[in-house]
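Everything on this sheet refers to the single structure shown next.
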Amino acid sequence: MKFAVVVFPGSNCDHDAYHAVKHVLGHDTDFLWHKETSLKGADAVILPGGFSYGDYLRTGAVARFSPIMQVVARFAAEGGPVLGICNGFQILQEAGLLDGAMLRNRSLKFRCEAVRVRVERADTPFTNLCQAGQLLTLPIAHGDGNFYAPTDVLERLERNGQVVFRYVNAEGEPTPDGNPNGSLDNIAGICNEARNVVALMPHPERACESLLGSVDGRLILDSVVATIRTGANTAETVGWAFRAGGLEQRPRPT
């Protein structure tokens, strides 16, 4: 099994993601420079956090034009599992692989702290080891994580079950005090309609070792490992089955 961690100019959480999947989970992992035109056989792709291109224009707005994003888009269209973390989330939005946009945090302050999120959907390749309603403690570190989408898009995301993670308080309720950045509907992570592209603002790769205060992030990374190993994933419901070493297309169930 092989992971690819994409590196853009300015990425600063690429080594965190690499460490988590390579040294903590123990899987073959490659850094892929943004100018690459191949995923080099990766079974799963991670777009890490950081400040791609310095975020000088708009977070993720320039990174979407990197050559590797065409490859990532093709991989995603074929059902490959793609995880966006923080800036990776913003890049996927700018690239049109996920809905919505990120505004400045409502407080206009950079927030770096542990937050609590509730798993809303366990039927994605990155949450299938979780249970719906399960609470996870994960760190955030961002200034532009205020999820926004027009009302019709927001309603569609909710209707389709594409809200995967939601910020909650200690009791597990999506209240304003549990929302660190003002995101609409306390949204912390979403997926695409096919469910194989998932992104969240918290950093699961920084919560994979007890030394760091939480191992809840392992559930997210281990989920995709289980997906690839067993092929058991809801992606099959959209006509794709994940297999170690590649992807196999199947007829869409009726």
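All figures in this text were calculated on a predicted structure; none of them were measured in a lab.
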With sequence neighbours left out, write down each residue that passes salt bridge (Lys or Arg N to Asp or Glu O under 4.0 Å) with D144, or none if nothing qualifies.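 D144 satisfies salt bridge (Lys or Arg N to Asp or Glu O under 4.0 Å) with R104 only.
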For the CG atom of L200 and the CD1 atom of I187, what is their distance to the nearest 0.5 Å?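 Going from CG on L200 over to CD1 on I187, the span is 13.0 Å.
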Could you tell me the separation between the CD atom of Q90 and the CZ atom of F51, rounded to the nearest 0.5 Å?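 So the gap between those two atoms works out to 9.0 Å.
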Will you find, in the side chains of S183 and N181, an N or O donor that is under 3.5 Å from an N or O acceptor?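 Yes, because at least one side-chain N or O of S183 sits under 3.5 Å from a partner of the opposite role on N181.
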Testing the 3.5 Å rule here: is there a donor-acceptor pair between the side chains of N87 and S11?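 No, because no side-chain N or O of N87 sits under 3.5 Å from a partner of the opposite role on S11.
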Ignoring hydrogens and angles, tell me if any N or O in the side chain of [X] forms a donor-acceptor pair with the backbone of [Y] under 3.5 Å.
{"X": "N169", "Y": "E171", "result": "yes"}
{"X": "E120", "Y": "F165", "result": "no"}
{"X": "T127", "Y": "C130", "result": "no"}
{"X": "S66", "Y": "I68", "result": "no"}
{"X": "R166", "Y": "R118", "result": "no"}
{"X": "T59", "Y": "D55", "result": "no"}
{"X": "N105", "Y": "G145", "result": "yes"}

Of all residues at least two apart in sequence or in a different chain, which pass the side chain to side chain donor-acceptor pair (under 3.5 Å) check with N186?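 Once residues adjacent in sequence are excluded, the partners of N186 under the side chain to side chain donor-acceptor pair (under 3.5 Å) criterion are N179.
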Sequence-distant partners of A76, side-chain contact (heavy atoms from CB on, under 4.5 Å), two or more places apart: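 Here the qualifying residues are V82, N196, V197.
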